[in-house]
Structures are given as C-alpha cells and as structure tokens.
Amino acid sequence: VQLQASGGGLVQTGGSLRLSCAASGITFDYGSITWFRQAPGEEREAVSCIRTRSGVTYYAGSVKGRFTISRDNAKNTVYLQMNSLKPEDTAVYYCAAARSNLISSSWRISTNYDYWGQGTLVTVSS
C-alpha cells in the first residue's frame, strides 16, 4: 500500500493550492482518508477527513470554509483544495488512510490510521 502526497509549494497569503493524495494497493472504498499537517515545533494536527465511499467530510475549525476535501474514486485520489491561505497554514501535509469509516470523535486520532504518505511541504509567505 502506498499513499503519494503531492501539490505542495510556496504561495503568498491569500493564495490557493490543491494537494493530491494518490493511493495504490488499496481499493478506494477503503474507509477514510485524512489530511494531517505538522508545522516545525508543533504537534501533528488533523485537517480534514473524507469517507471514501459515502463522501462524508470533516474539517478542523481552523480550516473550515477555506479548505475543501474531495475524492475521485476512479483515480484512487483524494484532493485538498486550500484557499485563502494564511502563514499559519505553513506545514508539511500528510495523507493517511484508515480501514474504518471514522466519525467526528475519531477522525482526529492518528493511531486510527493504517497507512501514511510521505508528506508535501506547503509554505505560505506573508
């Protein structure tokens, strides 16, 4: 099983980026796919989750209204559209896959995930 995260880069405040998480080795009605991020010196934070079969989504309060998670099951890919980016969004973004359909009380817990991608760096300049 492999998760390949891509799409990071350098963008100015207020700009947009779209991250992609391409999965191989699993069927894409796997369970749940979540984007996490970790800034230097900070703990890892769950950003957004999507249940790949139903499309149910969850967002952290800090990104709600600015980020949108979506999936293309035919391409085995989950996307994170990030708009109105702020310097505090600067971090390495990771995607992770869980076998189960996570719910609002469980999607933030990193130990619920079975596979992790390698991360892609997002830098937002002020």
Side-chain angles (χ1 to χ4, degrees):
V1 175
Q2 194 170 22
L3 299 176
Q4 182 73 37
S6 63
L10 174 64
V11 65
Q12 290 186 331
T13 297
S16 298
L17 282 174
R18 188 176 80 156
L19 305 184
S20 299
C21 176
S24 59
I26 56 174
T27 57
F28 218 56
D29 56 352
Y30 185 72
S32 307
I33 304 285
T34 293
W35 286 98
F36 288 82
R37 67 185 181 187
Q38 189 165 21
E42 304 277 342
E43 292 198 354
R44 186 165 48 194
E45 173 191 20
V47 174
S48 183
C49 173
I50 187 165
R51 293 194 206 166
T52 54
R53 182 173 292 180
S54 67
V56 171
T57 59
Y58 302 101
Y59 294 93
S62 58
V63 306
K64 207 166 192 176
R66 300 188 298 122
F67 291 10
T68 302
I69 193 169
S70 61
R71 91 278 195 212
D72 184 334
N73 287 4
K75 294 183 178 179
N76 273 20
T77 301
V78 166
Y79 303 99
L80 185 68
Q81 178 67 43
M82 307 187 295
N83 298 329
S84 302
L85 283 161
K86 304 175 181 180
E88 51 263 44
D89 295 317
T90 294
V92 177
Y93 284 70
Y94 302 88
C95 56
R99 291 188 188 92
S100 55
N101 290 317
L102 299 176
I103 59 176
S104 58
S105 61
S106 61
W107 72 274
R108 293 180 177 86
I109 302 171
S110 59
T111 53
N112 286 331
Y113 292 85
D114 307 296
Y115 304 104
W116 291 80
Q118 85 291 357
T120 185
L121 177 63
V122 172
T123 304
V124 185
S125 63
S126 57

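All values below were derived from every heavy atom in this structure, side-chain atoms included, with hydrogens, water molecules and symmetry-related copies excluded.
Inter-residue side-chain proximity for Ile69 and Tyr59 is flagged as met; some heavy-atom pair is nearer than 4.5 Å. Leu19 has its side chain within reach of Thr120: a pair of non-hydrogen atoms, C-beta onward, lies under 4.5 Å apart. Using a 4.5 Å heavy-atom cutoff, the side chains of Ser110 and Arg44 are in contact. Between Lys64 and Ser48 there is no side-chain heavy-atom pair separated by less than 4.5 Å. Counting only heavy atoms from C-beta outward, the side chains of Leu80 and Met82 approach each other to under 4.5 Å. Residues Arg71 and Ile33 are not in side-chain contact: their nearest non-hydrogen atoms beyond the backbone lie 4.5 Å or more apart. At least one side-chain heavy atom of Asn112 sits under 4.5 Å from a side-chain heavy atom of Leu102.
In summary, the side chains of Arg37 and Tyr93 do present a donor paired with an acceptor at a separation below 3.5 Å, with no hydrogens or angles considered. Side-chain N/O atoms of Asp72 and Thr77 include no donor and acceptor closer than 3.5 Å.
Taking hydrophobic clusters as Ile, Leu, Val, Met, Phe, Trp and Tyr residues chained together by side-chain heavy-atom distances below 4.5 Å, Tyr58 does not share a cluster with Val47. The hydrophobic clustering, which links ILVMFWY residues whose side-chain heavy atoms are closer than 4.5 Å, places Val78 and Val122 together. Connection of Ile109 to Trp107 is not established within any shared hydrophobic cluster, with ILVMFWY side chains joined at heavy-atom distances below 4.5 Å, either directly or through further cluster members.
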Applying side-chain contact (heavy atoms from CB on, under 4.5 Å) to Tyr94 and Leu3, what does each step give before you reach the verdict? CA-CA 9 Å; Tyr94 302 88; Leu3 299 176; over 6 Å; no
Passes side-chain contact (heavy atoms from CB on, under 4.5 Å), Phe67 versus Leu85? Steps please. CA-CA 9 Å; Phe67 291 10; Leu85 283 161; 3.8 Å; yes
Does the pair Glu45 and Ser62 meet the rule for a side-chain contact (heavy atoms from CB on, under 4.5 Å), with working shown? CA-CA 10 Å; Glu45 173 191 20; Ser62 58; 3.3 Å; yes
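The main-chain N or O of Ser100 is found under 3.5 Å from a side-chain atom of Ser32 such that the two form a donor-acceptor pair. Side-chain N or O atoms of Asn101 include none that pairs as donor or acceptor with a backbone N or O of Arg51 at under 3.5 Å. Panel note: side chain Gln118, backbone Gln4; no donor-acceptor pair is recorded below 3.5 Å. Asn83 places no side-chain N or O within donor-acceptor distance of the main-chain N or O of Ser16, the cut-off being under 3.5 Å. Panel note: side chain Arg66, backbone Ser84; a donor-acceptor pair is recorded below 3.5 Å. Side-chain atoms of Thr123 do not come within 3.5 Å of backbone N or O of Thr90 as any donor-acceptor pair.
Among pairs with a residue in residues 32-52, those fulfilling ring pair (Phe, Tyr, Trp, His ring centres under 6.0 Å) read Phe36-Tyr113, Phe36-Trp116, at least two apart in sequence or across chains.
Shortest non-hydrogen contact noted between Ser126 and Pro87 is CB-CG, 3.9 Å.
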Table please: side-chain donor-acceptor pairs of residues 6-14 below 3.5 Å, with sequence neighbours left out.
| from | atom 1 | to | atom 2 | distance (Å) |
| --- | --- | --- | --- | --- |
| Thr13 | OG1 | Ser125 | O | 2.8 |

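Take Glu88 and apply the salt bridge (charged side-chain N to carboxylate O under 4.0 Å, His left out) test, not counting sequence neighbours, and it matches no residue.
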